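Some notes on the structure that comes next.
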Number of protein chains: 2
Amino acid sequence: MVTAQGESVLRGSPYRADCPTRRILDRIGDRWTVLIVGALWDGAARFSELRRRIDGISQKMLTQTLRGLERDGLVCRTVYPEVPVRVEYTLTEAGRTLRDPLRALEEWSIAHLGDVSASQEAYDRGSTSS
Amino acid sequence: MVTAQGESVLRGSPYRADCPTRRILDRIGDRWTVLIVGALWDGAARFSELRRRIDGISQKMLTQTLRGLERDGLVCRTVYPEVPVRVEYTLTEAGRTLRDPLRALEEWSIAHLGDVSASQEAYDRGSTSS
DNA sequence: CCGTATCCGAATTGATACTG
DNA sequence: CAGTATCAATTCGGATACGG
């Protein structure tokens, strides 16, 4: 549970900012990465199709996030030099292994979102009704 | 896998920004939340002890993140009206359930960080050596 | 079609100073 | 000890315009 790169975030102290989990969260914690991975789940997709599938993403952020994922070796970008050019994105094998941890997180979210929302409302009520 | 609140991020389209997973990632995706949850893993801790344990966190961010976790019902704050005052933080039962998904993420990180770093270096070399 | 470049406002974070 | 308040720096994200 402890590597040469850094210590566990969940156990051990002090908790270093450059531990593996923090580095990965810096990647998947942003607004779009998880959405893109999800959109590529079923297979390859073109740039414009991703743009259509992911509600609200701008062209800039789609490009930027895809570049980051490509740099990390999680997404593969293939250019077909046709006219007009066609670009397809797919998850790499490493990218597909993200499925399990992401699913665990999703299941936790679905199971606890109600409690969290209720707790938030209770907390906010307590603050305003002084 | 699909709730009344929103659709799965991993499957289904379009991928909505207000799905459960996105809401939870908005919480744990920030720079400090996971570190704090990790620091509270072994049991209760005082404010200043957390500050010492979490490398590089500022007083402001520790307070702010703890407030957020408290609002979400994941952390419990207890004030002991001694002199000087003592404040202890613990994970709630809901907070402790975060263990499994966080562990899954940590294990993925540890298993793949090497590959990711190598991929990054290769990618960066390819860009600069034009 | 698939981007890149630039500008700008909004949100995050940190440093610092001060309070019960 | 355990915060709150304020300000400045940085980063993020979106809109727009343009290029291969």
Side-chain angles (χ1 to χ4, degrees), chain A residues 15-18 22-23 25-36 39-40 44-71 75-90 123 126-128 130, chain B residues 15-18 22-23 25-36 39-40 44-72 75-90 123-124 126-128 130:
Chain A
Y15 300 88
R16 298 179 53 79
D18 61 342
R22 264 258 46 86
R23 302 250 327 250
L25 277 168
D26 284 343
R27 157 122 315 294
I28 71 164
D30 67 30
R31 197 179 296 286
W32 302 113
T33 294
V34 172
L35 266 11
I36 291 179
L40 288 174
R46 304 182 56 170
F47 185 87
S48 43
E49 192 185 344
L50 286 175
R51 190 144 152 63
R52 253 176 285 115
R53 285 216 275 207
I54 300 173
D55 184 50
I57 195 169
S58 67
Q59 192 173 37
K60 174 186 172 181
M61 292 315 297
L62 181 54
T63 301
Q64 199 173 103
T65 311
L66 283 169
R67 287 293 173 279
L69 285 166
E70 190 192 359
R71 191 173 100 103
V75 155
C76 177
R77 176 174 183 267
T78 312
V79 181
Y80 298 92
E82 307 167 352
V83 184
V85 68
R86 182 164 59 98
V87 182
E88 276 193 352
Y89 293 91
T90 56
Y123 185 95
S127 301
T128 51
S130 58
Chain B
Y15 299 89
R16 299 180 52 77
D18 62 342
R22 265 258 42 89
R23 301 253 326 253
L25 277 168
D26 284 343
R27 156 124 314 295
I28 71 163
D30 67 28
R31 196 180 297 286
W32 302 114
T33 295
V34 173
L35 266 10
I36 291 178
L40 288 174
R46 306 182 55 168
F47 185 86
S48 44
E49 192 184 342
L50 285 175
R51 190 143 150 64
R52 251 176 286 118
R53 287 216 272 207
I54 301 174
D55 185 51
I57 195 170
S58 67
Q59 193 172 35
K60 175 185 170 181
M61 291 316 296
L62 180 54
T63 300
Q64 199 172 103
T65 310
L66 282 169
R67 288 291 173 281
L69 285 166
E70 191 192 356
R71 191 173 100 103
D72 290 349
V75 154
C76 178
R77 176 175 182 267
T78 313
V79 180
Y80 298 93
E82 307 167 354
V83 184
V85 67
R86 182 164 60 99
V87 181
E88 277 194 351
Y89 294 91
T90 56
Y123 185 96
D124 295 343
S127 301
T128 51
S130 62

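Computation of the quantities below employed the complete heavy-atom set of this structure, encompassing side-chain atoms and omitting hydrogens, waters and symmetry-equivalent molecules. Just so we're clear, the structure is a prediction, and the values are computed from it rather than from any experiment. In what follows, chains carry the letters A, B, and so on, assigned in the order in which the sequence lines appear, proteins first and then strands, with residues in each chain numbered from 1.
The nucleotide whose nearest atom lies closest to any side-chain atom of S58(A) is, among dG3(C), dG14(D), dC1(D), dG14(D). Distance from the side chain of V85(B) is smallest to dG20(C) among dC2(C), dG20(C), dG3(D).
Taking for each of T63(B) and G56(A) the nucleotide of DNA chain D with the nearest heavy atom, the 5'-most of the two is the partner of T63(B). Judged by closest nucleotide on DNA chain C, K60(A) is the one of R31(A) and K60(A) placed further toward the 5' end.
No donor-acceptor pair under 3.5 Å is formed between the side chain of R77(B) and the backbone N or O of Y89(B).
To the nearest 0.5 angstrom, R53(A) atom CZ is 4.5 Å from E49(A) atom CD. For the atom pair CD1 of I28(A) and OG1 of T33(A), the computed distance is 8.0 Å after rounding to the nearest 0.5 Å.
In this structure, R51(B) does not reach the dA2(D) phosphate: none of its side-chain N or O atoms is under 4.0 Å from OP1 or OP2. OP1 or OP2 of dC1(D) has not a single side-chain nitrogen or oxygen of Y89(B) nearer than 4.0 Å.
Rounded to whole angstrom, the span from the CD1 atom of I54(A) across to the C1' atom of dG14(D) amounts to 16 Å. Summarising the geometry, the separation between OH on Y80(A) and P on dC2(C) is reported as 12 Å, rounded to the nearest angstrom. Protein atom CD1 of I57(A) is 15 Å distant from nucleotide atom P of dC12(D), rounded to whole Å. The CZ-P distance, from R46(A) to dC1(C), rounds to 8 Å in whole Å. Spacing between atom CD of Q59(B) and atom C1' of dT13(C) amounts to 14 Å, rounded to whole angstrom units. Distance CZ (R86(A)) to C1' (dG3(C)): 17 Å, rounded to an integer number of Å. Between the P atom of dT13(C) and the CD1 atom of I36(B) lies a distance of 11 Å, rounded to the nearest Å. The interatomic distance linking M61(B) (CE) with dT12(C) (P) rounds to 9 Å, in whole Å.
Around atom CZ of R31(A), no more than 12 heavy atoms belonging to other residues, nucleotides or ligands sit under 6.0 Å away.
Minimum heavy-atom separation, F47(B) to L66(B): CD1-CD1, 4.1 Å.
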